[in-house]
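The block underneath contains the structure these notes are about, expressed in structure tokens.
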Amino acid sequence: MPRISLKIVGASGQGINSIGAIIAKGLKRSGYCVFGYREYPSLIKGGHASYQLDVSNERICSTETKVDVLVALNHHGLELNMEELKQGGIVLHVTPGWQFPEHHRKLIAERSLRIIYFPVDDMLNRLGARAILSNVLLTAFVWSMLDQDIDALKSLVGETFAKKKALLELNIRCIDEGYSFVDPEQGAISVALPPPDKGFAGHLLITGSQAMGLGAVHAGVRLYAGYPMTPSSPLLSFIAELENKTHMVVKQAEDEITAAQIVSGAMYMGTRALTATSGVGFDLMSETLSLNAMIENPTVFVLAQRPGPATGLPTWTAQGSLLQAANCSAGEFTRCVISVSNSQDAFDLMPVAFNLAEQYQISVIVLTDKQIAEALYTQHPYDQEKTEIDRGRLVVDPEKLKLLKSSDRFNPHAQGGVSLRWLPGSRAATYCAQGDEHNSIGAVDESSLNTKLQIEKRLRKCHGLKAGLPAPHLSIGGRSVETSDWIDTGDEIELLAIGWGSTGDVFQDVMRSDELRGRKIAYLHFTYLWPLRTQELQRLAKRSKHIVLVEQNYQGQLGMLIRMECGLDIPDKILKYDGRPFFYDELLSSVIERCASTSENEKTSPGLEHAGSPS
Amino acid sequence: MPRISLKIVGASGQGINSIGAIIAKGLKRSGYCVFGYREYPSLIKGGHASYQLDVSNERICSTETKVDVLVALNHHGLELNMEELKQGGIVLHVTPGWQFPEHHRKLIAERSLRIIYFPVDDMLNRLGARAILSNVLLTAFVWSMLDQDIDALKSLVGETFAKKKALLELNIRCIDEGYSFVDPEQGAISVALPPPDKGFAGHLLITGSQAMGLGAVHAGVRLYAGYPMTPSSPLLSFIAELENKTHMVVKQAEDEITAAQIVSGAMYMGTRALTATSGVGFDLMSETLSLNAMIENPTVFVLAQRPGPATGLPTWTAQGSLLQAANCSAGEFTRCVISVSNSQDAFDLMPVAFNLAEQYQISVIVLTDKQIAEALYTQHPYDQEKTEIDRGRLVVDPEKLKLLKSSDRFNPHAQGGVSLRWLPGSRAATYCAQGDEHNSIGAVDESSLNTKLQIEKRLRKCHGLKAGLPAPHLSIGGRSVETSDWIDTGDEIELLAIGWGSTGDVFQDVMRSDELRGRKIAYLHFTYLWPLRTQELQRLAKRSKHIVLVEQNYQGQLGMLIRMECGLDIPDKILKYDGRPFFYDELLSSVIERCASTSENEKTSPGLEHAGSPS
Amino acid sequence: MNIALQTQPPALSDYYSETKCIWCDGCGNYGIWTAVKYSLVELNLYPWQVCLCYDVGCNGNGSDKIEGYRFHGLHGRVIPFAAGAKLANMKVPVIAFGGDGATFSEGIGHLIHGVRSNYPITFVLHNNTNFGLTTGQASSLTPQGQAMNTSPNGIPEHTLASMDLVFSLNPTFVARGFSGDIKLMTRILKAAIQHRGFAFVEMLQACPTYNHFATHEYLLDRYFDANADGHDPGNLQQARALATQVQDRIACGILYQRRDAPDFYSRLIPRQGVETTCVEEVRRYDVSEYWKELV
Amino acid sequence: MNIALQTQPPALSDYYSETKCIWCDGCGNYGIWTAVKYSLVELNLYPWQVCLCYDVGCNGNGSDKIEGYRFHGLHGRVIPFAAGAKLANMKVPVIAFGGDGATFSEGIGHLIHGVRSNYPITFVLHNNTNFGLTTGQASSLTPQGQAMNTSPNGIPEHTLASMDLVFSLNPTFVARGFSGDIKLMTRILKAAIQHRGFAFVEMLQACPTYNHFATHEYLLDRYFDANADGHDPGNLQQARALATQVQDRIACGILYQRRDAPDFYSRLIPRQGVETTCVEEVRRYDVSEYWKELV
Ligand SMILES: Cc1ncc(C[n+]2csc(CCOP(=O)(O)OP(=O)(O)O)c2C)c(N)n1
Ligand SMILES: Cc1ncc(C[n+]2csc(CCOP(=O)(O)OP(=O)(O)O)c2C)c(N)n1
Ligand code: SF4
Ligand code: SF4
Ligand SMILES: [Mg+2]
Ligand SMILES: [Mg+2]
């Protein structure tokens with residue numbers, strides 16, 4: 001798979017994101033698959049940030065640690081990011097008279113790096129333009145390096161300034177100027193891109209948060225209440241930006257508890273409502289999770305992961321909230337924990353989550369993470385036809401409503417533990433959604449028999465839920481396969497990797513790498529995390545020479561749940577817990593290492609303690 | 001083991017507790033071991049409540065479902081509790097002209113029950129006493145039935161009214177009157193108690209909450225902040241009642257979050273401080289748990305379990321918060337979860353918890369439950385000499401303080417992950433207790449390397465902690481044994497039961513029952529629940545014909561943690577989740593059943609789904 | 001119970017529940033409970049038309065002693081839940097009930113933001129000046145000198161001036177009733193339920209078991225109907241003074257009402273002109289229009 | 001850093017931190033940060049003698065830019081943590097810092113109960129009228145018309161009248177500073193730290209990045225030192241009026257101070273006459289005396 005990478009670095013707030021976004025969009029329209037990745041510290045301005053684009057003419061959804069082009073908007077980038085350049089890489093910078101230190105000069109020589117000083121201040125002066133336009137100049141020059149059509153860029157920029165004619169003109173002049181710049185020393189420079197695949201031109205460039213927001217609207221969510229907390233805030237912002245179009249009720253609540261309660265009240269009343277938070281914010285919502293279990297109120301919570309504990313690393317990524325999601329909250333009850341993996345299922349899983357919540361009258365916790373929330377995906381337009389809205393055992397028909405008895409609401413003998421549900425305001429017998437232990441009509445009943453029956457009712461749902469959940473997704477050598485086809489037949493599996501969430505896409509890229517293409521590497525991806533379906537895993541495990549767990553946390557939390565569920569222990573783990581996502585090349589080498597060791601040595605590698613953390 | 005049981009039933013607020021408490025104290029002083037158990041609904045007055053005393057001349061710490069004497073303060077008791085009487089049992093009631101329904105008349109005949117109507121209103125009239133004194137009359141009559149010395153009762157009552165002479169006199173007259181009552185139909189009645197053991201006379205009669213409160217004061221806790229929530233409230237009340245004697249700072253906070261934060265602030269400053277809550281209250285505190293992990297602030301949280309979810313059954317018992325305690329809260333970090341089992345370790349474990357917290361600079365969650373919190377134990381006076389206050393790596397010596405560098409505070413290379421700690425106000429280099437990811441001095445540092453080092457620092461503590469935790473406690477046939485003596489040698493074990501918390505004492509009574517005395521039944525009791533030490537269990541399991549998990553929750557939560565930790569699955573479970581504790585006789589028969597099936601059939605019993613819940 | 005097609009106007013008996021009341025003898029909750037039923041009936045509302053949301057506390061133990069669509073939630077959280085319910089379905093009147101403990105301790109943030117948001121709901125404060133259900137601890141409204149469970153020396157904090165606090169929040173409806181005067185409470189509740197915006201209704205509630213200072217008799221002696229005395233609820237200054245000065249006599253009735261302030265829902269630009277409720281709008285939406293600019 | 005035995009009185013340089021400030025250019029936090037250092041030095045306090053507690057927000061990003069025993073906690077929770085710290089060791093001055101988001105949204109209950117408890121701490125509100133760190137969402141103090149991140153139509157709630165709220169809580173110290181006047185802030189902070197009881201100090205803080213309404217210039221134009229104008233902090237009525245009426249000019253300085261109200265700790269009966277701090281009292285206690293009545 002041919003791939004090139006381009007990284008823009010500078011201070012937060014300097015315009016890195018706008019350069020990245022425009023180039024990404026331009027390249028996508030030209031027929032490239034672009035994957036955008038942002039790193040930035042938890043502060044408003046200043047601090048070292050980056051926007052990296054990994055580009056291919058095939059599907060790509062990972063980031064490399066090594067880059068082909070580095071665009072440094074300030075000298076910090078020259079200090080901090082030089083090591084990341086590949087052989088023959090290009091460094092584009094704007095710092096006049098910059099002297100590289102000795103070790104960088106060595107590096108430049110060794111790797112035959114080409115250094116381009118882009119005299120942005122001179123250009124601005126010449127054009128009489130304000131500093132903010134330096135980004136346009138730079139973008140245009142990068143665009144020319146990529147051998148892309150100048151008019152495509154102009155029309156892109158034109159869309160932004162459609163209504164501001166004067167501004168547009170100046171922008172166009174900057175584009176011309178930047179595009180035509182030629183470095184006096186290096187001469188014309190061009191970065192070779194593979195031939196485009198026009199299929200990508202009509203794709204969306206979308207973040208996981210936007211995808212999730214669209215999915216939520218698509219799923220019929222009519223009320224959103226949230227409290228800002230990175231990385232769940234982009235979802236709130238996106239939903240709020242759309243509010244005048246979607247006509248949704250959007251409430252920025254006074255805290256997470258409030259957001260969770262508002263959403264619960266709205267779901268109780270019968271609409272679809274959503275909230276999202278992160279880490280300690282979810283601790284605050286866990287009280288409400290417990291409430292909804294008792295009153296059997298369907299709800300969906302998005303839990304956007306970032307590294308903890310406490311405030312932790314607000315703008316970085318992790319898969320550390322799985323145990324929290326599966327076990328937090330007072331009392332025992334049925335819940336469902338699922339995780340999105342990319343912009344495709346960030347969209348697709350929103351209706352799924354609401355359907356599950358309503359079918360079982362439970363809470364569904366949808367995990368995402370900072371990486372998915374803020375990464376930029378090249379996404380095929382969504383198929384909206386496949387979505388069905390399933391509201392479970394909700395009674396709305398007036399004739400059926402009339403026949404209801406109060407005791408239908410929490411009837412402990414209901415099939416699968418799921419009793420009929422109808423909404424306040426329905427012309428029917430009424431009931432109490434009772435947070436104390438209660439009988440079938442919702443009256444408090446603390447007797448031994450009733451308690452036992454009702455707990456069993458609420459926990460019985462877990463069986464139906466678990467039985468109905470899809471199997472984990474298996475791919476072999478980077479191609480999706482029917483899990484059932486591989487469980488008992490086919491070749492022996494060289495390496496079976498287990499993962500979830502944002503890890504999945506990176507692993508797909510790794511399997512499709514030139515190095516590993518054609519190898520019998522299987523990757524089993526869990527979207528449905530609790531209750532946990534392990535039968536496929538257990539059978540695949542028997543046919544695999546080596547098993548490895550790939551997670552972005554310290555403990556190997558999915559591994560812990562797997563063991564809790566079926567006893568299977570996976571001693572070899574690729575764990576990463578430094579706030580960064582898995583990078584393509586580092587994961588690739590970790591996997592290659594395992595493949596090598598599998599061939600040499602049938603023994604499983606050492607456990608958690610010594611598990612190589614790839615960074 | 002000879003045991004008799006006496007149950008007082010009536011409306012909440014009718015005085016059941018005062019009758020129970022006086023008789024308990026009197027019997028204990030006479031040389032009996034008394035175990036008191038209360039049931040009451042979650043409302044202030046009215047509702048059906050009970051106070052049961054189980055009495056023996058040997059150590060006893062469980063309740064029977066069947067009673068020898070029923071004292072019914074209203075007719076509801078006659079309606080609801082008749083089935084509970086043993087053969088030859090006595091019913092004492094105060095409802096004039098009560099007509100038992102047919103099925104009860106049959107019961108009375110079959111079980112040869114003796115029914116005594118105690119004409120309390122006539123007596124009150126005769127004495128010119130107010131209704132409240134009916135309790136004294138009844139108490140005195142029960143006292144006479146138990147063949148106990150009238151003067152002992154008088155002096156007990158005298159203690160209460162020492163300062164209210166007039167009241168005392170009337171009380172004494174009531175005692176005389178009640179004591180001398182003879183039922184015209186039944187004649188003099190006496191309930192045979194075994195010979196007393198004077199060793200009990202000097203014991204305390206204490207609830208688990210009082211024990212824990214004393215333990216906390218003993219451990220040097222100088223600040224208590226709490227928010228009322230059953231069953232944690234009795235601890236708050238007890239600490240508050242003592243405040244003028246202990247000179248502690250006691251704060252009833254505005255909510256659980258506040259209580260947790262106040263306590264955390266106080267611990268950060270360097271005192272020992274405590275809070276307690278229950279269920280959803282702990283959900284609210286979990287945010288603070290996460291905070292303390294990041295700033296490595298030692299803290300102790302008492303989590304008093306009641307059935308959930310939501311408000312659940314506020315005044316009933318459960319062991320349902322284990323997974324919550326072990327897994328709630330944002331981020332990955334080292335924590336310690338321990339559980340008290342009775343009034344002995346409710347006291348003993350308080351200094352232990354604070355020592356662990358300070359040694360490892362972590363949070364310790366101490367589980368208790370409604371049963372332990374409110375049951376009345378006959379308790380040997382505590383040995384206070386064995387307690388040592390260990391504050392871990394706290395630096396207080398002025399000379400040593402002077403040598404400290406800021407970077408000592410969160411030095412990631414500190415041995416075992418535990419770095420030096422010193423207190424605000426110390427004349428030393430200062431640091432920041434930083435809730436964001438930070439470097440050794442507590443400055444924010446989001447770099448990959450630092451993040452990795454610091455997470456490893458905080459998680460590394462888990463190894464030392466785990467290695468240092470005591471082994472689970474083994475008893476065979478009701479006698480404590482050295483776990484190590486039994487692990488690999490000795491006879492094969494007929495039945496290995498695994499339990500924790502309040503289950504333990506009941507199981508001890510069961511093993512000492514006449515039916516099971518001498519059998520090779522082993523009971524492994526876990527006080528230290530997370531991290532979980534399983535090596536003893538794994539080895540014992542190999543030597544056991546049958547293993548059974550005994551827990552008061554639906555899922556078998558300890559079983560889940562055991563499997564997560566070591567893969568061992570315990571399919572046979574005795575689970576109870578109706579809000580009631582294990583009762584002696586029901587647990588006994590569950591165990592006898594297993595023993596029988598063990599002899600017959602080596603196969604393990606069916607799993608969770610069909611596990612017999614004993615009530 | 002099961003519902004037949006009602007042809008009669010709603011009657012008190014429609015609100016009758018088979019579940020027995022369990023409050024202490026003399027508890028003020030009985031009176032409030034009765035007044036709630038009267039007001040719903042007098043407003044011509046059937047049980048299936050209303051949503052009653054209860055906090056946790058003795059007051060919340062009323063959740064299963066009445067008919068209607070009810071909710072009994074978590075301690076301190078009733079206001080945001082009720083607000084969410086209402087915003088989802090503007091056609092259903094939503095009434096929330098909570099104790100002084102819930103409202104001024106655990107949930108005080110919700111009260112403050114509820115009032116400032118001017119949610120279109122009624123909130124009924126059962127003010128018995130203590131934590132009843134947890135057996136008589138001090139609340140923020142307990143007088144400072146009073147020894148209570150867990151505060152044997154009385155509370156060291158200032159007692160909250162709750163009405164001054166509420167008036168600092170720009171309320172649009174403030175009323176005070178007394179659990180001993182059902183007629184007055186009924187009048188207040190009717191007005192509150194009809195108010196468009198957040199109606200804050202304090203009910204001074206006798207708690208013979210734990211509140212031995214502001215007893216039924218104490219309140220009976222001091223309370224009076226300010227509206228009967230000619231107080232105009234439109235007069236903010238006077239309302240605030242009446243509400244806060246309770247040393248000698250305690251002004252009850254509708255103390256303040258502002259009718260021109262739009263409620264929260266009316267202020268939502270995206271909902272302008274939308275006739276349906278969020279509940280009715282649940283369906284699959286085509287979102288391709290929103291992703292156009294991402295292509 | 002490592003501490004040598006100081007023989008010099010504390011100097012500004014003692015508070016110097018190697019960690020670089022990261023606030024935006026023109027951010028008011030720079031000024032507040034400077035005034036805090038001045039006030040501590042002028043009060044003759046060494047870094048090791050003080051405890052500085054920071055909430056989460058742009059303001060909290062100051063936690064590692066100064067010396068002293070510091071704490072940077074959870075969003076909205078700084079007040080109870082600081083109170084716990086103080087109650088444990090009354091010898092250490094404790095100063096808490098928090099943003100308007102933290103203080104009037106997530107943590108408003110803590111503010112209210114902090115003021116009514118009259119904890120002996122100083123609380124400094126960094127009021128930039130928005131959620132800075134999370135990129136400019138509205139706080140409860142953002143003016144209603146203002147479009148913000150997540151509220152493109154402006155907020156539908158009323159803007160909180162924060163000072164009226166604070167005055168309803170029976171405060172014992174209320175002051176207001178402006179991030180553009182370091183001298184004034186220093187004077188206020190010194191008085192606040194010396195106050196016995198809860199000192200509520202609002203700092204009007206410029207946030208050039210997200211607050212485009214109450215800018216540095218806007219505040220500069222309107223603020224004035226009320227004490228210099230002769231305002232007597234003992235006058236409650238006048239203080240409340242000055243604090244709440246901010247349409248034209250914004251009164252700064254020490255607006256209100258009551259010196260006769262005992263602080264929380266002084267009101268604790270069990271601590272009367274106890275000379276030691278809770279920190280000093282940690283040891284094994286013999287509790288047999290307390291179990292006597294259980295025998
Ligand atoms: C999160 C949480 N904390 C504490 C409790 C325990 N609790 C139940 S009711 C209550 C106080 C009740 O006081 P109030 O709100 O005044 O109601 P009242 O009983 O007086 O009517 C408390 C503290 C709880 N249920 N949940
Ligand atoms: C529990 C929780 N919720 C949300 C957040 C995200 N968060 C961090 S700071 C902040 C608001 C900051 O506003 P403010 O307190 O006014 O401080 P400023 O940044 O303006 O100084 C929020 C919502 C968090 N860290 N924790
Ligand atoms: S405790 Fe008070 S509020 Fe609760 S039921 Fe009894 S009298 Fe009513
Ligand atoms: S966003 Fe505002 S408050 Fe935050 S650092 Fe920038 S200017 Fe200061
Ligand atoms: Mg109350
Ligand atoms: Mg702010």
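Heavy-atom minimum distance, C:His72 versus A:Leu291: O-CD1, 4.3 Å. What you find for A:Ala429 and C:Tyr69 is that their closest heavy atoms are O-OH, 3.7 Å. Heavy-atom minimum distance, A:Gln434 versus C:Ser63: NE2-OG, 3.0 Å. Residues A:Leu223 and C:Ala88 come closest through the heavy atom pair CD1-N, 4.5 Å.
For the atom pair NE2 (A:His218) and CG (C:Asp286), the distance works out to 8.5 Å, reported to the nearest 0.5 Å. Rounded to the nearest 0.5 Å, atoms OH (C:Tyr285) and OG1 (A:Thr246) are 9.0 Å apart. Between the CG atom in A:Leu214 and the OH atom in C:Tyr290 there is a gap of 9.5 Å [rounded to 0.5 Å]. For the atom pair CD1 (A:Ile257) and CZ (C:Arg77), the distance works out to 4.0 Å, reported to the nearest 0.5 Å. Between atom OG of residue A:Ser426 and atom CD of residue C:Gln49 there is a gap of 11.5 Å, rounded to the nearest 0.5 Å. For the atom pair CG of A:Leu204 and CD of C:Glu293, the computed distance is 11.5 Å after rounding to the nearest 0.5 Å.
With a 4.5 angstrom heavy-atom cutoff, A:Tyr382 touches chain C via backbone and side-chain atoms both. Residue A:Pro381 touches chain C through both its backbone and its side chain, counting heavy-atom pairs closer than 4.5 Å. Neither the backbone nor the side chain of C:Ser17 comes within less than 4.5 Å of any heavy atom of chain A. Heavy atoms closer than 4.5 Å to chain A are found nowhere in C:Tyr54, neither backbone nor side chain. Heavy atoms of C:Val50 lying under 4.5 Å from chain A are absent altogether. Proximity to chain A (any heavy atom under 4.5 Å) is shown, for C:Leu74, by both the backbone and the side chain. With a 4.5 angstrom heavy-atom cutoff, A:Ala260 does not touch chain C via any of its atoms. When heavy atoms are compared at a cutoff of 4.5 Å, C:Thr19 approaches chain A solely by way of its side chain, counted from C-beta outward. With a 4.5 Å cut-off on non-hydrogen atoms, A:His247 touches chain C through its backbone and its side chain both. Both the backbone and the side chain of A:Ala443 come within less than 4.5 Å of a heavy atom in chain C. Contacts between A:Arg409 and chain C at a heavy-atom distance below 4.5 Å are absent for every atom of the residue. Heavy-atom distances place both the backbone and the side chain of A:Val444 under 4.5 Å from chain C. Looking at C:Val282, both its backbone and its side chain come within 4.5 Å of chain A, counting heavy atoms on both sides. For a residue to count as touching a neighbouring chain, one of its non-hydrogen atoms must lie under 4.5 Å from one of that chain's; by this rule A:Lys28 touches chain C with the side chain only.
Under the 30°/60° scheme for interplanar angles, the aromatic rings of A:Tyr268 and C:Phe81 are found to be tilted.
Within a 6.0 Å sphere centred on CZ of A:Phe238, other residues, nucleotides and ligands contribute more than 12 heavy atoms. The environment of C:Glu18 atom CD is sparse: at most 12 non-hydrogen atoms of other residues, nucleotides or ligands sit within 6.0 angstrom. At most 12 non-hydrogen atoms from other residues, nucleotides or ligands lie less than 6.0 angstrom from CD of A:Glu388. Within a 6.0 Å radius of CG in A:Asp383, other residues, nucleotides and ligands contribute more than 12 heavy atoms.
Note: A:Glu287 leads A:Glu287, A:Met294, A:Met267 in heavy-atom pairs under 4.5 Å with chain C. Interface remark: of the candidates C:Gly60, C:Cys278, C:Cys53, C:Cys278 forms the most heavy-atom pairs closer than 4.5 Å to chain A. Comparing A:Leu205, A:Asp255, A:Val396, A:Asp408 by heavy-atom pairs within less than 4.5 Å of chain C, the highest count is held by A:Leu205. For the options A:Ala253, A:Gly215, A:Cys432, A:Gly220, heavy-atom pairs under 4.5 Å to chain C are most numerous at A:Cys432. Chosen from C:Ser288, C:Gly273, C:Gly107, C:Pro93, the residue pairing most often with chain A at heavy-atom distances under 4.5 Å is C:Ser288.
In this structure the side chain of C:Pro270 never reaches within 4.5 angstrom of the side chain of A:Met248, judged on heavy atoms. Residues C:Phe71 and A:Asn297 have side chains not in contact (no heavy-atom distance under 4.5 Å, counting atoms from C-beta outward). Contact check for C:Ser117 versus A:Lys251: side-chain heavy atoms found under the 4.5 Å cut-off. Counting only heavy atoms from C-beta outward, the side chains of C:Val295 and A:Arg29 never approach each other to under 4.5 Å. The side-chain heavy atoms of A:His438 and C:Asp64, taken from C-beta on, include no pair separated by under 4.5 Å. Residues A:Gln384 and C:Val287 are in side-chain contact: their nearest non-hydrogen atoms beyond the backbone lie under 4.5 Å apart. Annotation: side chain of C:Tyr119 is in contact with side chain of A:Ile262 (closest heavy-atom distance under 4.5 Å).
Between A:Thr258 and C:His110, the side chains place a donor N or O and an acceptor N or O closer than 3.5 Å (distance only, hydrogens not considered). For the 3.5 Å distance criterion, the side chains of C:Glu281 and A:Thr271 fail to qualify, holding no donor opposite an acceptor.
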Requested in this report: Assess whether side chain to side chain contact (heavy atoms under 4.5 Å, CB included) is satisfied between C:Val94 and A:Met269, documenting all intermediate values.
Outcome: CA-CA 10 Å; C:Val94 174; A:Met269 209 63 160; 4.2 Å; yes
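Salt-bridge check for C:Arg284 with A:Glu385: passed, with a basic side-chain N closer than 4.0 Å to an acidic carboxylate O.
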